[in-house]
There are 2 protein chains.
Amino acid sequence: MNALKLDDLALNALGDPTRRSIFEKLEKGPLSVVHIADGLPVTRSAVSQHLKVLKEARLITMKQEGTRSIYSINQEGLIALRNYLDRFWDEALENFKQLAETTEKQKTIKK
Amino acid sequence: MNALKLDDLALNALGDPTRRSIFEKLEKGPLSVVHIADGLPVTRSAVSQHLKVLKEARLITMKQEGTRSIYSINQEGLIALRNYLDRFWDEALENFKQLAETTEKQKTIKK
DNA sequence: ATGAATGGTTAGTTTTAGCTAACCGTTAGC
DNA sequence: GCTAACGGTTAGCTAAAACTAACCATTCAT
């Protein structure tokens with residue numbers, strides 16, 4: 001049913017600087033919405049919308065505590081991102097090797 | 001001199017779906033601009049602009065081969081991204097543990 | 001020397017997405 | 001009951017970013 005892949009959602013979510021700020025605020029531990037919005041240069045409404053995007057990307061979770069909504073970092077989105085990055089690792093290393101060889105070759109050629 | 005951090009640039013770069021498509025095309029190996037643009041639903045001009053953003057984020061490198069520009073995946077941006085994600089790993093695991101405990105507790109309570 | 005291939009840049013348009021303001025529902029405390 | 005605190009949603013505006021079209025420079029082949 002979910003047409004979009006999790007890594008797409010996660011990268012899209014962390015592509016926005018305000019959402020990164022929110023996500024990074026949760027680095028130290030769970031927070032309520034008012035605490036998240038505190039200090040940020042946008043309204044609480046904007047924060048709510050960002051939280052929705054982060055939640056759909058499985059980068060955060062929410063648990064209700066009375067009238068408070070407590071948000072925490074979720075490993076599911078993090079795992080998706082890590083797996084995504086790992087796809088490119090071998091290729092990047094190979095390119096690095098080739099670059100090193102080329103540089104070395106040129107160094108030898110240069111009179 | 002560089003005011004923006006590398007992980008900010010990288011996350012911003014991969015936040016766009018077209019740039020992700022381009023980046024993923026390089027997964028299998030280096031490509032010239034025309035080969036990258038081939039099959040993509042945008043003009044070569046747009047591709048050029050996206051390549052610039054990816055290059056500035058150190059996610060790709062370029063080497064000139066005559067009239068061709070050959071682009072490859074660069075480990076530098078990947079490392080920056082991996083380090084960024086690692087910051088949140090401990091916190092995410094802790095939240096996961098707490099969630100597991102809470103769920104377990106509620107399971108016991110439920111008559 | 002001429003033409004074709006490659007690709008970077010810029011101006012200007014269009015689309016997207018982040019934002020505010022206003023509103024509404026729920027819960028907690030008095 | 002009433003009120004305050006908390007937070008999710010929607011409509012509409014705005015600013016950012018993606019895109020196209022046009023142009024230019026360079027390299028290679030004939």
Side-chain angles (χ1 to χ4, degrees), chain A residues 3-5 7-26 29-74 77, chain B residues 3-4 7-26 29-74 77 106:
Chain A
L4 292 180
K5 285 176 295 165
D7 44 60
D8 272 328
L9 291 170
L11 284 169
N12 173 68
L14 291 183
D16 178 69
T18 306
R19 277 196 291 268
R20 275 201 296 278
S21 298
I22 292 175
F23 188 64
E24 290 165 14
K25 273 205 169 193
L26 299 176
L31 286 175
S32 70
V33 177
V34 280
H35 281 103
I36 293 171
D38 183 54
L40 289 181
V42 295
T43 63
R44 192 191 43 69
S45 172
V47 172
S48 258
Q49 297 171 54
H50 284 310
L51 287 170
K52 189 180 181 185
V53 175
L54 287 166
K55 191 147 90 62
E56 283 170 352
R58 306 282 159 80
L59 283 165
I60 60 176
T61 55
M62 192 266 275
K63 62 173 171 178
Q64 205 66 241
E65 279 189 5
T67 166
R68 314 269 172 92
S69 299
I70 309 295
Y71 285 89
S72 313
I73 285 179
N74 183 10
Chain B
L4 292 181
D7 44 61
D8 274 327
L9 290 171
L11 284 169
N12 172 68
L14 291 183
D16 178 70
T18 306
R19 277 196 291 268
R20 275 201 297 279
S21 297
I22 292 174
F23 188 65
E24 291 165 13
K25 273 206 168 192
L26 299 176
L31 286 175
S32 71
V33 178
V34 280
H35 281 103
I36 293 172
D38 183 54
L40 290 182
V42 295
T43 62
R44 193 190 44 68
S45 172
V47 172
S48 257
Q49 295 171 56
H50 284 309
L51 287 170
K52 189 181 180 184
V53 175
L54 287 166
K55 190 146 92 60
E56 282 169 353
R58 306 284 158 79
L59 284 165
I60 60 176
T61 55
M62 191 267 275
K63 62 174 172 179
Q64 204 67 243
E65 280 190 3
T67 166
R68 314 269 171 91
S69 300
I70 309 295
Y71 284 89
S72 313
I73 285 179
N74 184 9
Q106 285 178 340

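Given the structure is predicted, the values throughout are model-derived calculations rather than measurements. All chains are named by letter (A, B, ...) in the order of the sequence lines, taking the proteins before the strands, and each is independently numbered beginning at 1.
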Open item on the list: Whether the side chain of Lys25(B) engages the backbone of Asp38(B) through a donor-acceptor N/O pair (distance < 3.5 Å, no angle test) should be reported.
Closed with: yes
Task: Gap between atom CG of Leu14(A) and atom CG of Asp8(B) - 0.5 Å precision - done: 10.5 Å
Task: Gap between atom CG of Leu11(B) and atom CG of Leu11(A) - 0.5 Å precision - done: 7.0 Å
Open item on the list: Does the protein touch nucleotides 4-20 of chain C at the base, only the backbone, or not at all? Give it as B, S and - per nucleotide, heavy atoms under 4.0 Å.
Closed with: --BBBBB-------SBB
Show the atom names and distances, to 0.1 Å, of all donor-acceptor pairs under 3.5 Å that link a side chain in residues 64-71 of chain B to residues at least two apart or in another chain.
unit_1: Gln64(B); atom_1: OE1; unit_2: Ser69(B); atom_2: OG; d: 3.2

Which atom pairs, one a donor and one an acceptor, fall under 3.5 Å between side chains of residues 47-54 of chain A and the rest of the protein, sequence neighbours left out?
unit_1: Gln49(A); atom_1: NE2; unit_2: Ser45(A); atom_2: O; d: 3.4
unit_1: Gln49(A); atom_1: NE2; unit_2: Ser45(A); atom_2: OG; d: 3.3
unit_1: His50(A); atom_1: ND1; unit_2: Arg19(A); atom_2: NH1; d: 3.2

- [ ] Using atom NZ of Lys63(A) as one end and atom C1' of dT27(C) as the other, report the distance to the nearest whole Å.
- [x] 18 Å
Task: Euclidean distance, atom CD of residue Glu65(A) to atom P of dA28(C) [Å, nearest integer] - done: 11 Å
